[in-house]
Amino acid sequence: MALPPPTPLDGTPDLAADPSSAPDPAPAPVAARRPASGEPVPAPGGPWPVPTVTSPLPSQADISREIAVLHAAGERDRAAGAPAPAHPARDFAPYRSSALRHPHRPLVEIDHRADPEAVELCGPAFGVTDITGLDADLTRQHAGEPLGERITVTGRILDRTGRPVRGQLVEIWQANASGRYAHQRDQHPAPLDPHFTGVGRCLTDDEGRYEFTTVKPGAYPWRNHHNAWRPAHIHFSLFGSAFTQRLVTQMYFPGDPLFPYDPILGSVTDPAARARLVAAYDHELSCPEWSLGYRWDIVLDGPSATWIEEGR
């Protein structure tokens, strides 16, 4: 049985609303053309939508300039001896929606000493009997094989001293090879794959190792700015020993040309920390005539920690 797809957490756009059509009679056929800047895209097989009057989205050049300014400010702070930030800014301006949805008040702290069970009220219940062999192989969860480049992704979950984190529940979710999520909110014109849901999970072994078989996700557009595209990535979730300890991050693929244009990856202003979010191709992990191998370790704390979406 395939796992149900989660809601994408990285700003995947809601493209479900259909623009209204003109009430006039259908116009004569015209040659295909590219949409102009800011112009809505027609539905497949449908009429060209009537443009709506909206404020123009910033251009990629605007976003790139904002990212460059913030990266330069981070470089100056580090050169002056400032400590590395603990996490990306939650209101990173080039990532437009972060200014609207990040917390503005301090988090509510639960006093585990006064009520030790309060932390566990929302805790997960899982174990080896809850994980099946199909959960970690996203290419075998349906009757047929998914389209795309089959890959193996593996690595270790480590603490700041390099000790393995055993029995850790690791979950992933991703777009398919065409860059589309199996989710009703993702309506951009890329094909769905009936044999790929894009969700998997496993438990780390005694060495802290996880392993997934999947297909390499495609890039996809989003509405942060005009002509915005997200580089290929896989979301990772680690639950810790309680639900309140859950950490979420993203893994990227080496050499992606979209890295300089992405404000989500760009919100990590330290180049060394950004590099830790990129997996390494490992030929020894590649299976002959089957899959390419990528290695990506996750360090939970310390100066070499893997950056996560809500801090370390």
Side-chain angles (χ1 to χ4, degrees), residues 1-6 8-13 44 131-157 170-183 186-202 204 209-222 227-237 248-262 264-265 274-298 306:
M1 178 181 295
L3 296 171
L9 299 181
D10 64 347
T12 303
I131 307 296
T132 72
L134 294 179
D135 289 345
D137 190 341
L138 284 66
T139 68
R140 297 172 54 217
Q141 296 174 353
H142 297 273
E145 293 187 353
L147 298 175
E149 177 185 311
R150 188 184 291 109
I151 62 174
T152 298
V153 178
T154 187
R156 300 176 70 201
I157 311 299
V170 181
E171 295 184 332
I172 65 170
W173 63 96
Q174 63 170 93
N176 65 18
S178 298
R180 186 167 175 182
Y181 288 94
H183 192 278
D186 189 349
Q187 296 293 320
H188 94 270
L192 287 170
D193 189 336
H195 302 305
F196 189 76
T197 309
V199 181
R201 60 180 181 169
C202 71
T204 57
R209 186 173 292 105
Y210 69 87
E211 182 173 313
F212 293 99
T213 300
T214 183
V215 297
K216 188 175 181 180
Y220 59 80
W222 61 311
N227 200 21
W229 290 81
R230 292 235 56 217
H233 60 279
I234 297 177
H235 300 263
F236 275 71
S237 165
V248 176
T249 187
Q250 299 181 20
M251 185 203 85
Y252 298 86
F253 293 87
D256 196 311
L258 292 173
F259 284 166
Y261 306 104
D262 183 41
I264 295 182
L265 180 61
R274 283 199 303 276
R276 292 196 294 270
L277 295 174
V278 181
Y281 173 73
D282 189 333
H283 198 67
E284 296 301 316
L285 293 175
S286 297
C287 301
E289 301 184 30
W290 183 251
S291 68
L292 296 179
Y294 291 89
R295 183 181 302 279
W296 191 55
D297 294 339
I298 299 175
T306 304

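This one's a predicted model, so the numbers in the text were calculated from it and none came from an experiment. For this chain, numbers begin at 1 and follow the sequence in order.
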For [X], enumerate each residue passing the side chain to side chain donor-acceptor pair (under 3.5 Å) test, keeping only those at least two apart in sequence or located in another chain.
{"X": "D262", "value": "R230"}
{"X": "W229", "value": "N227"}
{"X": "R209", "value": "none"}
{"X": "S178", "value": "none"}

How would you list, by chain and number, every residue that makes a side-chain contact (heavy atoms from CB on, under 4.5 Å) with [X], sequence neighbours excluded?
{"X": "A232", "result": "P217, F253, D256"}
{"X": "P254", "result": "V278, Y294"}
{"X": "E211", "result": "T152, T154"}

Next item on the list: Evaluate whether atom OH of Y261 has more than 12 neighbouring non-hydrogen atoms of other residues, nucleotides or ligands under 6.0 angstrom away.
Entry: no
Checklist line | Which residues share a ring pair (Phe, Tyr, Trp, His ring centres under 6.0 Å) with F236, sequence neighbours left out | finding: Y210, W296
Check: Can you list every salt bridge (Lys or Arg N to Asp or Glu O under 4.0 Å) pair that touches residues 277-298, not counting sequence neighbours?
Finding: D282-R295
Check: Y220 and H233: ring-ring contact (aromatic ring centres under 6.0 Å, His included), yes or no, with the steps?
Finding: CA-CA 10 Å; Y220 59 80; H233 60 279; 5.6 Å; yes
Notebook entry, point to check: How many angstroms lie between atom OG1 of T197 and atom CG of L192, to the nearest 0.5 angstrom?
Noted result: 10.5 Å
Note to self: My understanding is that only residues two or more places apart in sequence, or in another chain, count here; which of them pass salt bridge (charged side-chain N to carboxylate O under 4.0 Å, His left out) with R150?
What the structure shows: E145
Margin query: The criterion is salt bridge (charged side-chain N to carboxylate O under 4.0 Å, His left out); which residues satisfy it with R156, sequence neighbours excluded?
Written below: E207
